[in-house]
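Worksheet: the structure to be examined is printed underneath.
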Amino acid sequence: MPLIYHWGGPRHGHVDHVTDEQIVSSLLVYDGPKWIGVYEPLDPPQVRDTPQGPAAVWIVRE
């Protein structure tokens with residue numbers, strides 16, 4: 001299960017485990033109830049060390 005670090009938007013700084021099915025389209029879409037947002041992988045890809053382990057950086061898509 002990939003680990004994602006969110007950069008920007010309503011989930012900025014959050015680290016989440018996501019399933020392979022959630023990232024198959026290279027977009028993460030959150031539709032609430034707490035957050036709404038669309039994130040995509042940073043280009044070029046980057047990894048950030050987090051307390052949960054290395055996480056791919058995904059940025060908010062505007």
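Numbering starts at 1 and runs along the sequence shown.
- Residues Trp7 and Val57 come closest through the heavy atom pair CB-CG1, 4.1 Å.
- Partners of His17 under the ring pair (Phe, Tyr, Trp, His ring centres under 6.0 Å) rule, at least two apart in sequence or in another chain, do not exist in this structure.
- Interatomic distance, Arg61 CZ to Glu40 CD, rounded to the nearest 0.5 Å: 5.0 Å.
- Listed here is the closest heavy atom pair of Pro41 and Ser26: CD-O, 3.2 Å.
- Distance CD1/Ile4 to CG/Asp16: 8.5 Å, rounded to 0.5 Å.
- Checking side-chain atoms of Tyr39 against main-chain N and O of Tyr5 turns up no donor-acceptor pair under 3.5 Å.
- Listed here is the closest heavy atom pair of Thr19 and Pro2: C-CD, 4.4 Å.
- Under the 4.5 Å side-chain contact rule for hydrophobic residues, Val18 and Trp58 share a cluster.
- For the pair His6 (side chain) and His14 (backbone), a donor-acceptor distance under 3.5 Å is present.
- Sorted by first then second residue, the salt bridge (Lys or Arg N to Asp or Glu O under 4.0 Å) pairs that include residues 42-56, not counting sequence neighbours, number zero.
- Of all heavy-atom pairs spanning Leu3 and Gly53, the tightest one is CD2-O, 3.5 Å.
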